[in-house]
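Report on one structure; see the data block that follows.
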Number of protein chains: 2
Amino acid sequence: MRPDEAARLEEHGIKASAHRVAIASYVLHTDEHPSADDVWARVKQAFPMVSRATIYNTLNLFVEKGLLRHLVLTEGRLVFDSNVEKHHHFIDEGTGQIYDLPWDTLKVSRVKQIKGFDVRDYQVLLRGRKRGRKREKKSDSR
Amino acid sequence: MRPDEAARLEEHGIKASAHRVAIASYVLHTDEHPSADDVWARVKQAFPMVSRATIYNTLNLFVEKGLLRHLVLTEGRLVFDSNVEKHHHFIDEGTGQIYDLPWDTLKVSRVKQIKGFDVRDYQVLLRGRKRGRKREKKSDSR
DNA sequence: TCACAAAAGTAGATCTAGTCTAAAGTTGGA
DNA sequence: TCCAACTTTAGACTAGATCTACTTTTGTGA
Ligand SMILES: [Mn+2]
Ligand SMILES: [Mn+2]
Ligand SMILES: [Zn+2]
Ligand SMILES: [Zn+2]
């Protein structure tokens, strides 16, 4: 639990209520790419009085204020990403887990030369299997 | 309306009923990336007796048999793609339209060197605006 | 300290895409 | 012609997400 969580919210123009800090202290520091209901399940463990509507309201507010991104990468899973920097995604087709790949892991050439499209943003989306599978259920970086 | 549509289905191990041919003759020849309900709306114009369940059953069957791909690219839109070859996708953020980019329009380097992941498949996903906008609502290649 | 308006949070209703179920219709070979 | 397998169907059901109408909390300024 970071002492500066509330300050970070205020910096982004968000009034830092207790519920919002609770939600932030999980969702802004995980690389799990959780769904809204994943966030709810996690936050409820410590703050069982937080309602589902508040989870949705808060996550959408964080997206609007640029603290989170909304990803739709795989069937029926709308997912939140606390990594708002440019990066690529790898989806494990066995587990459904989503992994971040740093931007310079890959290089995409000729984007500028695409005719007829103004590209604002892009990423590479990869699917396959993660090898190894050590450190699997490593407890989350709260 | 192609005379060989039924043959194409049979080649893929699909018994060619009238409903299936009707659905195929739209969805296997469009580059619109339609949702299931888009397909239903279109097919109903000519074949109003076809039920929603049959649309879903048939589209899922086509995917299973390799005639179609299932894409999840953008919020709340599970979409079918009759282009089953490797290619990239550009999403117009204004209209929501999805455009195919041929595989060799772009080049992605270092995919093989990614450590710890077995990549089975990948594509580049681009967002922005399509320029020009001529030939906009061009009638579909049925 | 109190009044009170704005902001935050809430339960439950509603919406929607997609799946499932159980029954009816169709087909084609024996 | 018979019948089993296949196809199609209406509508029930599910789950994620949003909306609505209401209550609670917060903070300001008289
Ligand atoms: Mn989940
Ligand atoms: Mn649609
Ligand atoms: Zn990510
Ligand atoms: Zn495509």
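Bear in mind that the values here come from a model prediction, so they are computed numbers and not experimental data.
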How do B:A53 and A:S17 order along DNA chain C: which one's closest nucleotide is nearer the 5' end?
-> A:S17
Value in whole Å for how far the P atom of D:dA17 lies from CZ of A:R52 = 8 Å
Rounded distance (nearest 0.5 Å) linking atom OG1 of A:T30 with atom CG of A:D81 | 10.0 Å
Measure the spacing between CG of A:D37 and OH of A:Y56 and express it to the nearest 0.5 Å.
-> 4.5 Å
Is the distance from OP1 or OP2 of D:dT8 to the nearest side-chain N or O of B:N57 less than 4.0 Å?
-> no
Crowding at NZ, A:K86 (>12 non-hydrogen neighbours, <6.0 Å) = yes
Output yes when A:R131 and B:D118 qualify as a salt bridge under the 4.0 Å nitrogen-oxygen rule, no when they do not.
-> yes
Closest heavy-atom pair and its distance - A:H87, A:L101 | CB-O, 3.3 Å
Computed from five pairs at either end and rounded to 10 degrees, the angle between the axes of the helix from C:dT1-D:dA30 to C:dA30-D:dT1 is 0°
Distance in angstrom units between A:E10 CD and D:dT26 C1', rounded = 13 Å
Is a donor-acceptor contact shorter than 3.5 angstrom present between the side chain of A:R20 and the base of C:dA8?
-> no
Starting at atom CG of B:D37, determine the distance to atom P of C:dT16, rounded to an integer number of angstrom.
-> 11 Å
Taking atom C1' of C:dG9 as reference, at what distance in whole Å does atom CD1 of A:I14 sit?
-> 16 Å
In whole Å, what is the span from the CZ atom of A:F80 to the C1' atom of D:dG16?
-> 11 Å
Starting at atom CH2 of B:W40, determine the distance to atom C1' of D:dG11, rounded to an integer number of angstrom.
-> 12 Å
Please give, in whole Å, the distance from D:dT9 P to B:I55 CD1?
-> 9 Å
Name the residue closer to the 5' end of DNA chain C, choosing between B:Y56 and B:K15 according to the nucleotide with the nearest heavy atom.
-> B:Y56
Could you grab the distance from atom CZ of A:R52 to atom NZ of A:K44, nearest 0.5 Å is fine?
-> 9.5 Å
Below 4.0 angstrom from OP1 or OP2 of C:dT26, is there any side-chain N or O of B:H19?
-> no
Quick one: is C:dT10 close enough that its OP1 or OP2 comes under 4.0 Å of any side-chain N or O from A:S51?
-> yes
Mind calculating the distance between CG (A:L9) and C1' (D:dT26) to the nearest angstrom?
-> 17 Å
For B:H70 and B:F80, run ring pair (Phe, Tyr, Trp, His ring centres under 6.0 Å): C-alpha distance rounded to whole Å, both residues' side-chain angles, the deciding distance at 0.1 Å, then the answer.
-> CA-CA 5 Å; B:H70 227 193; B:F80 294 88; 4.9 Å; yes
Counting only side-chain N and O atoms of A:N60, is one of them less than 4.0 Å from OP1 or OP2 of D:dA17?
-> no
